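FYI, the numbering just counts along the sequence from 1. Computed from heavy atoms alone, side chains included, the values below leave out hydrogens, waters and symmetry copies. The structure presented is a predicted model; accordingly, all values stated were derived computationally and were not measured.
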Amino acid sequence: MKHPLLALCLIVLLWLGLAQPSWAAIQEDIDLLKETKDCPVCILDEADLSGLDLSGANLKIATLTDANLSNADLSKVDFMLAFMDHANLSGANLQGAQMNGTQLVNANFSGADLRGADLSQANMLDADLSNADLEGAVLLAVKLGQANLKGANLKDANLRGVNRSQVLFCNTVMPDGSLANRDCD
């Protein structure tokens with residue numbers, strides 16, 4: 001009788017250990033970010049940070065999944081290795097932001113200013129970058145999948161190592177200044 005109980009306990013512990021937690025923003029982390037702009041490893045999932053001035057903030061390895069950062073000033077923010085899947089960054093100012101290795105699957109960057117941002121090795125699978133300004137941005141080895149780059153400006157952007165075969169281009173300014181229109185309806 002001890003063995004079945006032990007097996008059940010091990011199964012429950014294993015299940016709990018492998019289950020992915022679903023976090024929501026921690027209010028103390030939101031307050032810390034607003035007060036100090038220094039919040040590495042913070043949990044900010046689903047937080048509404050829209051329109052805030054967070055320029056120069058330290059958000060290394062923070063989780064911002066499903067966060068609303070629309071129209072926020074995120075210039076020169078350090079998002080290195082952050083988790084930002086499904087984040088809303090539409091209309092945000094991300095000039096000079098450091099987003100190396102950041103997880104940005106299905107993130108919304110429509111109309112965002114990413115001039116000079118470093119997105120090296122970021123996972124941007126299926127992100128919406130329509131009408132985004134990526135002039136001079138570094139996108140080395142970025143994963144794009146079927147990202148929407150319709151109307152985006154990629155002038156002088158570094159796209160070395162990027163597979164663009166599924167990316168949507170229409171009225172897209174390419175790094176050399178030419179227009180790509182392969183996916184116009």
Side-chain angles (χ1 to χ4, degrees), residues 19-145 147-149 152-154 156-162:
Q20 282 216 304
S22 175
W23 303 105
I26 296 174
Q27 188 60 48
E28 291 83 12
D29 286 352
I30 294 171
D31 296 341
L32 178 66
L33 176 62
K34 288 179 178 178
E35 290 169 21
T36 68
K37 294 186 181 181
D38 189 32
C39 202
V41 197
C42 283
I43 298 173
L44 301 164
D45 294 338
E46 302 175 10
D48 184 0
L49 304 169
S50 59
L52 293 181
D53 178 1
L54 299 173
S55 57
N58 176 10
L59 287 164
K60 284 183 184 177
I61 316 173
T63 63
L64 293 117
T65 301
D66 292 310
N68 183 2
L69 296 151
S70 62
N71 301 308
D73 184 352
L74 305 169
S75 56
K76 299 188 178 176
V77 171
D78 190 344
F79 287 112
M80 186 180 286
L81 301 174
F83 294 89
M84 300 176 72
D85 292 345
H86 305 279
N88 181 1
L89 297 140
S90 61
N93 176 2
L94 290 145
Q95 285 186 52
Q98 295 297 314
M99 303 179 90
N100 314 64
T102 301
Q103 294 297 310
L104 295 156
V105 175
N106 288 308
N108 180 358
F109 287 96
S110 61
D113 186 348
L114 289 146
R115 288 178 290 164
D118 188 347
L119 294 145
S120 297
Q121 299 181 351
N123 184 354
M124 301 180 80
L125 287 174
D126 306 333
D128 182 357
L129 291 148
S130 59
N131 301 307
D133 191 349
L134 291 134
E135 186 170 342
V138 179
L139 293 110
L140 292 171
V142 168
K143 293 179 186 175
L144 290 173
N148 181 357
L149 281 156
N153 177 15
L154 296 166
D156 298 324
N158 186 338
L159 298 173
R160 193 171 320 151
V162 176

What residues form a side chain to side chain contact (heavy atoms under 4.5 Å, CB included) with [X], not counting sequence neighbours?
X    : value
D85  : T65, Q103, V105
D156 : E135
A47  : A25, I30, L44, L49
I61  : V41, L81

Is there a side-chain contact between [X] and [Y], using heavy atoms and a 4.5 Å cut-off?
X    : Y    : answer
N148 : L129 : no
L114 : L89  : no
N131 : S110 : no
D78  : M99  : no
L140 : D118 : no

Write down the atom of [X], the atom of [Y], and the distance for their closest heavy-atom approach.
X    : Y    : result
V142 : L119 : CG2-O, 3.0 Å
L52  : K34  : CD1-CE, 3.8 Å
A127 : L104 : CB-O, 4.1 Å
A97  : L74  : CB-O, 4.0 Å
A147 : M124 : CB-O, 4.1 Å
L59  : C39  : CD2-O, 3.7 Å

Is the backbone N or O of [Y] less than 3.5 Å from a side-chain atom of [X], with the two atoms forming a donor-acceptor pair by type?
X    : Y    : result
N100 : T102 : no
D31  : L33  : no
D126 : D128 : no
D29  : I43  : yes
D48  : S50  : yes

Spacing of [atom1] belonging to [X] relative to [atom2] belonging to [Y], to within rounding of 0.5 Å:
X    : Y    : atom1 : atom2 : answer
R160 : S120 : CZ    : OG    : 10.0 Å
Q98  : M80  : CD    : CE    : 6.0 Å
D133 : L94  : CG    : CG    : 11.5 Å
D113 : N93  : CG    : CG    : 5.0 Å
N68  : S90  : CG    : OG    : 7.0 Å

### Query
In this structure, which one of N123, L69, D45, D66 forms a side chain to side chain contact (heavy atoms under 4.5 Å, CB included) with M84?
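Of the listed options, the one satisfying the test is L69.
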### Query
Can you name the side chain to side chain donor-acceptor pair (under 3.5 Å) partners of N58, sequence neighbours left out?
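D38.
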### Message
Checking N106 now: which residues fulfil side chain to side chain donor-acceptor pair (under 3.5 Å) with it, not counting sequence neighbours?
### Response
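Listed in chain order: nothing, the list is empty.
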### Heavy-atom neighbours of K143 NZ exceed 12 at 6.0 Å
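Incorrect, the count does not exceed 12.
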